[in-house]
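Written below as C-alpha cells is the structure these notes are about.
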Amino acid sequence: MSTDPRATLPGRAGALLAELGDTAELHDLYDEAGAPVYHAIAGTSPLEVRELVAAARSTTGPVLELAAGSGRLTMPLLTLGREVTALELAPAMIRILEERLRTVPATRRSRCTVVAGDMSDFDLGREFGAIVLGATSVSLLDAAGRAGLYRCVRRHLAPGGRFLLTAVEVADFGTSTSEQVIEVDAPDGTGFRMYEHWTEGADVRTVTVFPHPLESAVPPITVCTTRIGVLPVARLEAELTDAGLVLTDRRPLPPTDHQHHDVLLVAEVAA
Ligand code: SAM
C-alpha cells in the first residue's frame with residue numbers, strides 16, 4: 001500500500017492535486033511552506049480569540065498557551081499585561097511567532113517566552129494561572145497524546161488555575177461522506193480555497209488548502225494539508241473528568257458556519 005500522502009488525499013482535493021501533477025507541491029500545513037499559508041488564513045476568525053482572551057482575563061497569574069502556532073492568540077493574550085509562555089511544536093510556526101514578537105514594543109515582547117515543545121509531554125518546572133489551548137487544537141492529538149496533555153496541564157496549573165480550551169463538534173455535513181469547500185481571503189488579499197473532507201463516523205477529517213484562483217497560481221503551486229481528529233465534545237468532557245479535572249463552564253461560541261459548532265470549556269483541578 002502506498003504511503004505517499006498525494007495518493008491518499010481524499011475527495012475533490014485529491015482529484016485536484018492529481019490534476020495539477022508535477023506543478024503542485026504537497027506540504028504539511030505547519031511545515032516551512034505550510035506555516036505562512038496557515039498564518040495567512042488563521043487571522044480571519046476573531047470570535048474565538050475574543051472569548052478565550054475574555055476567559056483568560058478572569059484568571060490571575062502567568063498564562064501558558066499551548067500549540068501557540070504563529071501567535072493568533074498569543075498576541076491578544078499579551079495585551080492582558082500578563083506573562084505569557086507560548087509552547088509550540090513546529091519550528092516554522094515558531095519562526096513566524098518570533099518574527100511577529102519582534103514587531104511589538106519591547107515591554108510587551110519581554111513578557112512573552114516562546115518554548116519549543118510537545119503539548120502532550122512537557123515539563124516547564126512552574127505553574128500558571130491559566131493554560132489556554134485554542135483553535136480546537138486538542139483534536140490534533142490522539143488518545144494517548146490527550147492523556148499526556150491532561151497530565152501535563154494538571155501538573156502546571158497553579159491552585160485555582162483554569163484550563164481554557166476550545167473544541168469543535170463536527171456535524172450536519174448532510175451526507176455520509178462530504179467535502180465542505182470554504183473560500184478564504186487573507187488580510188493581504190491572497191485567496192485560498194480550503195477543502196474539508198470527512199466521512200461520517202471516521203475519527204479524522206482532512207483539511208487541504210489550495211491557492212485561489214488556481215489559474216493565477218505560479219508553479220510550483222503550494223498545496224497544504226493536515227489531518228485533524230474528530231473528537232466529540234462529550235468524549236472530551238468525559239476524558240477531562242477522568243483525568244481529574246472538573247468542568248466549571250461550557251459555553252457555545254457564536255457559530256462560524258452551520259457545520260462546525262465550537263465550544264469553550266473551562267476546567268480546574270479537582271479538589
Ligand atoms: N493556536 C494557534 C492559532 O490559534 O492559530 C495555532 C493553532 S493550529 C490549528 C495548531 C498548532 O498546533 C500548529 O501550530 C501545530 O504546529 C501545533 N501542534 C500540533 N501538534 C502539537 C503538539 N503535539 N504540541 C504542540 N504544538 C502542536
Side-chain angles (χ1 to χ4, degrees), residues 30 42 45-77 80 82 84-90 93 115 117-122 124 127-158 160-171 203 205 226 228-256 260-270:
Y30 307 120
S45 161
L47 297 170
E48 186 216 14
V49 173
R50 200 179 57 207
E51 296 290 328
L52 276 170
V53 172
R57 187 178 285 117
S58 66
T59 64
T60 55
V63 177
L64 170 61
E65 189 201 350
L66 300 175
S70 54
R72 183 182 69 110
L73 264 163
T74 321
M75 308 308 263
L77 284 170
L80 295 175
R82 313 247 295 272
V84 176
T85 297
L87 182 142
E88 164 61 41
L89 187 63
M93 299 296 280
V115 176
D118 184 337
M119 64 175 151
S120 65
D121 184 14
F122 61 93
L124 303 178
E127 294 179 336
F128 298 85
I131 300 181
V132 180
L133 176 56
T136 73
S137 297
V138 65
S139 53
L140 293 174
L141 298 174
D142 61 14
R146 293 195 299 277
L149 165 75
Y150 309 143
R151 240 187 341 265
C152 294
V153 165
R154 279 195 56 160
R155 200 185 312 140
H156 289 80
L157 272 180
R162 293 184 193 147
F163 182 29
L164 313 170
L165 71 162
T166 53
V168 61
E169 203 81 81
V170 183
D203 59 4
R205 56 202 156 105
T226 187
I228 309 168
V230 175
L231 174 63
V233 175
R235 191 191 314 158
L236 171 61
E237 290 181 359
E239 287 180 1
L240 289 167
T241 307
D242 290 348
L245 292 157
V246 179
L247 217 58
T248 57
D249 199 4
R250 178 189 200 285
R251 246 174 277 163
L253 295 178
T256 45
H260 298 86
H261 304 281
D262 287 3
V263 179
L264 168 63
L265 301 176
V266 181
E268 295 181 20
V269 176

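Values below: all heavy atoms of this structure, side chains included; hydrogens, waters and symmetry mates excluded. Note that the numbering runs from 1 along the sequence shown for the chain.
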Once rounded to the nearest 0.5 Å, what's the spacing between atom [atom1] of [X] and atom [atom2] of [Y]?
X: Tyr150; Y: Leu245; atom1: OH; atom2: CG; result: 9.0 Å
X: Arg50; Y: Leu253; atom1: CZ; atom2: CG; result: 9.5 Å
X: Leu164; Y: Thr248; atom1: CG; atom2: OG1; result: 8.5 Å
X: Cys152; Y: Leu64; atom1: SG; atom2: CG; result: 10.0 Å
X: Asp203; Y: Ser139; atom1: CG; atom2: OG; result: 11.5 Å
X: Leu165; Y: Leu149; atom1: CG; atom2: CG; result: 8.0 Å

All side chain to side chain contact (heavy atoms under 4.5 Å, CB included) counterparts of Glu237, not counting sequence neighbours: Val233, Leu247, Arg250, Leu265
Measuring only between side-chain heavy atoms, which start at C-beta, is [X] closer than 4.5 Å to [Y]?
X: Val168; Y: Arg205; answer: yes
X: Leu87; Y: Met119; answer: yes
X: Asp249; Y: Arg162; answer: no
X: Arg146; Y: Ser120; answer: no

Side chain to side chain contact (heavy atoms under 4.5 Å, CB included), that's the test. Do Leu77 and Arg82 meet it? Break it down for me. CA-CA 8 Å; Leu77 284 170; Arg82 313 247 295 272; over 6 Å; no
Verdict with supporting geometry, Leu66 and Val153, side chain to side chain contact (heavy atoms under 4.5 Å, CB included): CA-CA 10 Å; Leu66 300 175; Val153 165; 4.2 Å; yes
If you take all heavy atoms of [X] and [Y], which pair is closest and at what distance?
X: Ala67; Y: Ser137; value: CB-CB, 4.2 Å
X: Arg155; Y: Phe122; value: NH1-O, 3.5 Å
X: Thr166; Y: Ala135; value: OG1-N, 3.4 Å
X: Pro76; Y: Val53; value: CB-CG2, 3.8 Å
X: Gly134; Y: Leu52; value: CA-CD1, 3.7 Å
X: Ser70; Y: Met93; value: N-CE, 3.7 Å

Determine whether a donor-acceptor pair (N or O, by modelled atom type, separation under 3.5 Å) exists between the side chain of Glu268 and the backbone of Val246. no
Main chain of Pro252, side chain of His261: is a donor-acceptor contact present, judged purely on distance under 3.5 Å? no
The complete set of salt bridge (Lys or Arg N to Asp or Glu O under 4.0 Å) pairs with one or both residues in residues 131-144, sequence neighbours excluded, reads none
Take Phe163 and Leu240 through the test side chain to side chain contact (heavy atoms under 4.5 Å, CB included) and record every step on the way to the result. CA-CA 10 Å; Phe163 182 29; Leu240 289 167; 3.9 Å; yes
For Glu51 and Asp262: C-alpha separation, side-chain torsions, deciding distance, then whether side chain to side chain contact (heavy atoms under 4.5 Å, CB included) applies. CA-CA 11 Å; Glu51 296 290 328; Asp262 287 3; over 6 Å; no
